[in-house]
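Chain letters run A, B, ... following the sequence lines, proteins first, then strands; residues in each count from 1. On a predicted model such as this, the values are computed, not experimentally measured, just so you know.
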Amino acid sequence: MSGPLRYPRWVSVLLSGLNPPQRDAVLHDDGPLLVLAGAGSGKTRVLTHRIARLIDERDVAPGSILAITFTNKAAAEMRQRLEGLVGPRVRAIWAATFHSACVRILRRDAPHVGYERNFAIFDASDQLRLIRRCLEDEDIDPKRVDPRSVLGWISDAKNRLLGPSEMDIDSFRDEQVVRIYNRYQNRLLANQAMDFDDLLRLTVQLLEGDAEVREHYQERFRHILVDEYQDTNHAQYRLVRVLGEPQRNVMVVGDDDQGIYSWRGADVANILDFERDYPDATVIALEQNYRSTGTILKAANAVVAHNPNRHPKALWTDRGDGGPIEIIECRDEREEARVVVGEVQRAVDDGDSLSDIAVFYRTNAQSRAVEDMLVRAAVPYQVIGGPKYYERAEVKDLLAYLRVAVNPNDEVSFGRMITSPKRGVGPGAVTRLSAYAVEMGLPLTDALADADRVEGLNPSQRRGFSALASVVAEIRSHARADVPVDRLVELAFEESGMRAMFEADGSAEAEGRIENLEELVRTGAEYMNRAEEPSLSGFLEEIALYADADAVDTGGGQVTLMTIHNAKGLEFDRVVIIGMEQNLFPHSRSETPEQLEEERRLCYVGITRARRRLILTHARTRSFFGGGRDYRMPSQFLAEIPEESVGGMGPAATSRHRPLPSDAADVVPGLATGDEVVHATFGEGVVTGVEQGGTLVLVRFIRDGRERRLIAGAAPMRKAASS
DNA sequence: CATAGCGGGTTTTTT
DNA sequence: ACCCGCTATG
């Protein structure tokens, strides 16, 4: 029977098609809410529908909603979905990543924490340049102290909201690091620059330290929703906590099985501690999966169930089992790539789009072999991540002109600009200019115009500086006059002499660089079309906060290649995960049990991206950096997948016992291709052998990537058995 | 001051 | 295999 409508009309729209826990989450009123959302359980739907409901039913002003997503792309998608539900009111909603939300706050209130509003954002390469200078100041040899590790320590400290003066000092090393940290921070400030961690840290400092500002934002944000909460770090946690007061309308959505960023300071404990901070929190679990086949889901569950430290839960689906998972042993990475091409062929035969196919791997370097094969097979593809477009030297060099025009204190960009192209000014001249700038209390860039007054410069150096001064001045005045950004990029390209430099070079490489920079001009034009209030600094900011995952093109009819980290939050009909091998996945650098668990969660994330078909490959040999071939063992995660879920090469491939490779049969007398082979670690090496009556007959013994023995003797199985 | 050539490190994942 | 920084040389 159909009784009278119990809800107003919008309810049928917002609640139709939702399962009971999803409805509960959407209908939740005020107060803290924790949604434990398994993979593919429709959390984005819950988030968007809940926001729509807050606006429509609870009369919450769109401008008082802050929705935090993991990537800019996810934010854009959320906006798009919300637009369908609440129309143009979506414009007032803050949907952003933690970092971009912080920038937005800081662009307004940075003066409260000692920064100007036009501060620069330093990416990894800018940081590296700056930290090198700090090491230089401290007279520390960068070969003895790795600048990257120092940055790692500093980053860890910042994520825990610890300043240089709050660090524990237990050793000379600690003291050294703290001194560097101090210098680094001072230099950042002098540059009017923040690194990624500062964006979070200073925002927390701002909000916790300044009552007026704090109340302003607390007043403003009445509802806070955070996605991917399992991957928040301490600074982000504190940010949510302070913004959530006093209303405490905080909704967090996450899955402790999908925490894969602990190396970046993320703490899965945040999700578990939510109930401690908000004892009155409502907790809702979403366990029905709408994405994958039963077989894929079962495999994912089985793998992650091997993690001892987790909230037990089991995703389920009513979609039916679907086809088996395929585990394919390959001879090497080229054959792995052929498996990918084979799957592409199969998709084409089935009339499916190439956009439905994704290839995942543990490390970016693995994309190469697949790319080579796809090129040969004329298969269109996109690679997400890897060598970054915006971090290419020529792009950064050109951007340096624009950055310096916005922020004259940016010495890192100044240093780039000075040497590209070469104009006869080197370190010596810069030191003199810098001394003058300090003396006059001028930003380095502004001192350029006074080149005539700087002591000890030769005429060509003066000319070089003056030329630079006028380029920067021109960019700056055009920017003030709101000349379109693409015109500014073009201006910098021409007037800096970079185009002339590359044209004079004439090499194919220089041609490529010119194309890259022309692409940057087009990016500027595209930004002008899209941005609501375009500005040069807005453009630079977007670039700084741009993430690889933002570039994923889901409709372009091409195969998508990316690391599993980048695949978070995405889904594809067909997924191939390559390199399912010990020491690669799980990665060899994952040594502790905790790290192994994180690798396993990563595996879980990868598997659960697949809707319909999942192929896992591993290679017997693989070459790493052009060097010799390494013999490989299949990933332990493969053995954690239930045998009945696996088709293709069959269960043999799921254990450490697999058919003898045919190339081994050739060299081992008395062995047949059907014999079972065992891969095992033995001492520091990797053994490939054949089991015969409890004894391992050695076929190969590899150590340090080199083959030490080919066929020889035997060893008791017990000694060899380990992985 | 700029360049070419060499040696060393690099590959885990990234907002 | 490649990228990067350092050094010797012009």
Mind listing the N/O atom pairs, protein and nucleotides 2-11 of chain B, below 3.5 Å?
residue : atom : partner  : partner atom : Å
B:dA2   : OP1  : A:Gly424 : N            : 3.0
B:dT11  : O3'  : A:Arg589 : NH1          : 3.4

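- The pair A:Arg187-A:Asp137 meets the salt-bridge criterion, with a side-chain N (NZ, NE, NH1 or NH2) lying under 4.0 Å from an Asp/Glu carboxylate O.
- A:Phe70 comes within 4.0 angstrom of sugar-phosphate atoms only, judged by non-hydrogen atoms across all strands, and of no base.
- We find that CG of A:Asp397 is positioned 12 Å from P of C:dC4, with the value rounded to whole Å.
- Within the 4.0 angstrom heavy-atom criterion, no nucleotide atom of any strand lies near A:Ala124.
- At B:dC1, one or more side-chain N or O atoms of A:Gln461 fall inside 4.0 Å of OP1 or OP2 (strictly under the cut-off).
- Set against B:dT15, B:dT14, C:dG5, the side chain of A:Phe196 has B:dT15 as its closest nucleotide.
- With respect to the salt-bridge test (charged N to carboxylate O, under 4.0 angstrom), the residues A:Lys568 and A:Asp231 qualify.
- Checking A:Ala429 against A:Asp550, the closest nucleotide of DNA chain B that is more toward the 5' end is the one next to A:Ala429.
- With salt bridges taken as basic N to acidic carboxylate O contacts below 4.0 Å, one links A:Arg600 and A:Glu640.
- Residue A:Asn566 places at least one side-chain N or O under 4.0 Å from the OP1 or OP2 atom of B:dT14.
- One distance of note links CD of A:Glu333 with OG1 of A:Thr617; it measures 10.5 Å at 0.5 Å rounding.
- When the P atom of C:dC3 is taken as reference, atom CG of A:Leu128 falls 17 Å away, rounded to whole Å.
- Residue A:Met373 holds its CE atom at 9.5 Å from CD of A:Glu335, rounded to the nearest 0.5 Å.
- As judged by a 4.0 angstrom heavy-atom cut-off over every strand, A:Arg132 is placed among residues touching the sugar-phosphate backbone only.
- If you take CG of A:Leu561 and P of B:dT13, they are 15 Å apart, rounded to a whole angstrom.
- No more than 12 heavy-atom neighbours from other residues, nucleotides or ligands sit within 6.0 angstrom of CD on A:Gln80.
- In terms of phosphate contacts, A:Thr71 brings no side-chain nitrogen or oxygen within less than 4.0 Å of OP1 or OP2 of B:dT15.
- Atom CD of A:Gln258 is separated from atom P of B:dT14 by 17 Å (rounded to the nearest Å).
- Within the structure, every side-chain polar atom (N or O) of A:Asn233 is placed at least 4.0 Å from both OP1 and OP2 of B:dT15.
- Stacking between A:Tyr261 and B:dT13 is absent: the aromatic ring centre is not both under 5.5 angstrom from the base six-membered ring centre and within 30 degrees in plane angle.
- A distance of 6.0 Å separates CZ of A:Phe119 from CG of A:Leu199, quoted to the nearest 0.5 Å.
- Using a cut-off of 4.0 Å between Lys/Arg side-chain N and Asp/Glu carboxylate O, A:Arg310 and A:Asp257 are scored as salt-bridged.
- Summarising the geometry, the separation between CZ on A:Phe585 and C1' on B:dT13 is reported as 10 Å, rounded to the nearest angstrom.
- Whole-Å rounding puts the A:Trp263 CH2 to B:dT13 C1' distance at 4 Å.
- Put simply, CZ on A:Arg432 is 12 Å from C1' on B:dC1, counting in whole angstrom units.
- To the nearest angstrom, P of B:dT14 lies 10 Å from CG of A:Leu602.
- Rounded to a whole angstrom, the distance from the P atom of C:dC4 to that of B:dT13 is 15 Å.
- You'll find that the side chain of A:Thr97 is closest to B:dT15, out of C:dC2, B:dT14, B:dT15.
- Within 4.0 Å of A:Asn364, counting heavy atoms only, lie sugar-phosphate atoms of the nucleic acid but no base atom.
- Counting any heavy atom pair closer than 4.0 Å across all strands shown, A:Gly385 reaches no nucleic acid atom.
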